[in-house]
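Proteins get letters first, then strands, A, B, ... in listed order; numbering begins at 1 in each. Since we're looking at a predicted model, the values are computed, not measured.
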Number of protein chains: 2
Amino acid sequence: MSIGVAIGKVSQASGVKVPTIRYYEQIGLLPVPPRTDGGRRSYDRKDMERLTFIRHSRELGFEIDEIKTLLKLQDQPEQSCERADGIAREHLVAVKAKIASLQALQHELERMVEGCSHGRVESCRVIEILADHGQCQYHGEAA
Amino acid sequence: MSIGVAIGKVSQASGVKVPTIRYYEQIGLLPVPPRTDGGRRSYDRKDMERLTFIRHSRELGFEIDEIKTLLKLQDQPEQSCERADGIAREHLVAVKAKIASLQALQHELERMVEGCSHGRVESCRVIEILADHGQCQYHGEAA
DNA sequence: CTTGCTCCTCTAGTCACTAGAGAATGTAGG
DNA sequence: CCTACATTCTCTAGTGACTAGAGGAGCAAG
């Protein structure tokens with residue numbers, strides 16, 4: 001039985017800011033926690049994991065709605081294998097697409113940085129490529 | 001002396017939507033253009049180039065403030081391009097980290113989907129993978 | 001001269017936060 | 001036990017980078 005953890009501690013541990021945690025509660029991404037006698041939110045280890053997961057997923061470019069689905073997938077692994085499979089498959093497709101897009105972006109950025117001879121803006125490859133769309137190989141969308 | 005181009009044409013040519021062009025003018029990213037007798041914005045070739053530059057930079061994940069810096073650099077070709085190079089380099093680092101993390105997620109999703117197809121209701125480790133700091137290489141902020 | 005397109009300004013909405021005000025609660029020192 | 005200070009509470013409003021819609025005016029073709 002763990003004693004409840006205050007929002008500040010959870011914030012520090014998860015890397016999610018305090019107001020953001022309250023915001024997540026508000027939009028239903030995080031379960032409503034019990035309160036202390038004084039009316040303060042009291043979290044447990046599971047909430048902490050959930051928050052770290054959320055933060056990480058956000059950093060990877062997932063939208064809140066996608067994270068909700070992903071969390072549901074975690075919450076009911078025994079329910080319907082088919083359904084879980086479908087959700088996982090969908091996300092797999094999205095993740096693969098995201099990786100492909102980011103790799104294209106990576107190559108383009110590498111091309112820019114490598115081509116830059118560190119001289120003057122006049123002959124800077126970075127500026128040049130940005131200005132001329134024809135020189136660019138990147139046409140996807142980034143997360 | 002070129003005859004002014006209407007906002008719709010510039011939009012089509014640059015791939016930036018009409019309201020977005022007006023928005024860019026509002027925030028000072030695009031110079032205020034002259035108007036026709038009827039009060040319509042009239043652009044020239046330079047504006048078009050600038051817009052293409054902006055769109056391209058946005059697609060590559062640069063923020064408006066960064067684009068402002070890049071545009072200022074472009075306007076002074078004599079200067080060193082160190083700053084432009086730095087901005088691009090920073091992005092490259094962030095993008096690489098993101099790809100690594102997404103690949104970890106991809107493997108985990110693949111593992112889940114495979115487990116399902118074999119009839120096993122495997123416990124989902126998506127959260128474990130994404131929530132555990134130790135397993136993750138990505139600690140930067142999203143582009 | 002009317003039809004229909006483009007353009008104008010303006011306000012408000014989106015997403016995912018972030019900042020600040022003003023009040024209450026919790027805690028460590030004296 | 002009292003004070004000082006940190007933390008938390010709720011609430012409203014602001015941010016970035018757009019996007020959508022209302023209501024009206026300009027313009028080119030038939």
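The side-chain heavy atoms of B/Tyr43 and B/Leu51, taken from C-beta on, include no pair separated by under 4.5 Å. Side-chain contact between A/Ile7 and A/Arg40: absent, with no pair of heavy atoms (C-beta onward) separated by less than 4.5 Å. You'll find the side chain of A/Leu71 reaches within 4.5 Å of the side chain of A/Ile54, heavy atoms only. Residues B/Arg50 and B/Pro31 form a side-chain contact, since some pair of their non-hydrogen atoms from C-beta on lies under 4.5 Å apart.
In this structure, the CG atom of B/Asp37 is 11 Å from the C1' atom of D/dG26, given to the nearest Å. Look at NZ on B/Lys68: it is 11 Å from C1' on D/dG16, rounded to the nearest Å. Across the protein-nucleic acid pair, B/Arg35 atom CZ and C/dT6 atom P stand 19 Å apart, rounded to whole Å. For the pair B/Gln26 CD and D/dT19 P, the interatomic distance rounds to 14 Å; values are reported in whole Å. Here the P atom of nucleotide D/dT8 and the CD atom of A/Glu25 are 14 Å apart, to the nearest Å. We find that NZ of A/Lys9 is positioned 11 Å from C1' of D/dA6, with the value rounded to whole Å. As rounded to whole Å, 15 Å separates atom P of D/dA17 from atom CG of B/Leu30. Protein atom CD1 of B/Ile27 is 7 Å distant from nucleotide atom P of D/dA17, rounded to whole Å.
When every heavy atom of A/Thr36 is checked against every heavy atom of A/Ser42, the shortest pair comes out as CG2-CB, 4.4 Å.
Residues A/Thr36 and B/Ser42 each lie close to DNA chain C; by heavy-atom proximity, the contact nearer the 5' end of the strand is made by B/Ser42.
Residue A/Arg22 is in base contact, counting any heavy-atom pair closer than 4.0 Å across all strands shown.
With D/dT10, D/dT7, C/dC8 as the candidates, the nucleotide lying closest to the side chain of A/Arg40 is D/dT7.
Partner B/Ile87 forms a side-chain contact (heavy atoms from CB on, under 4.5 Å) with one of B/Glu66, B/Glu63, B/Glu82 and no other, that one being B/Glu66.
Sequence neighbours left out, the pairs with a member in residues 60-88 of chain B that pass ring pair (Phe, Tyr, Trp, His ring centres under 6.0 Å) are B/Phe62-B/His91.
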What protein N or O atoms touch nucleotides 15-19 of chain C N or O atoms at under 3.5 angstrom, if any, and at what distances?
from	atom 1	to	atom 2	distance (Å)
C/dA16	OP1	A/Ile64	N	3.3
C/dA16	O3'	A/Arg58	NH2	3.4
C/dC17	OP2	A/Tyr24	OH	2.6
C/dC17	OP2	A/Arg58	NE	2.8
C/dC17	O5'	A/Tyr24	OH	3.2
C/dT18	OP2	A/Thr20	OG1	3.2

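At D/dT8, none of the side-chain N or O atoms of A/Arg41 fall inside 4.0 Å of OP1 or OP2 (strictly under the cut-off).
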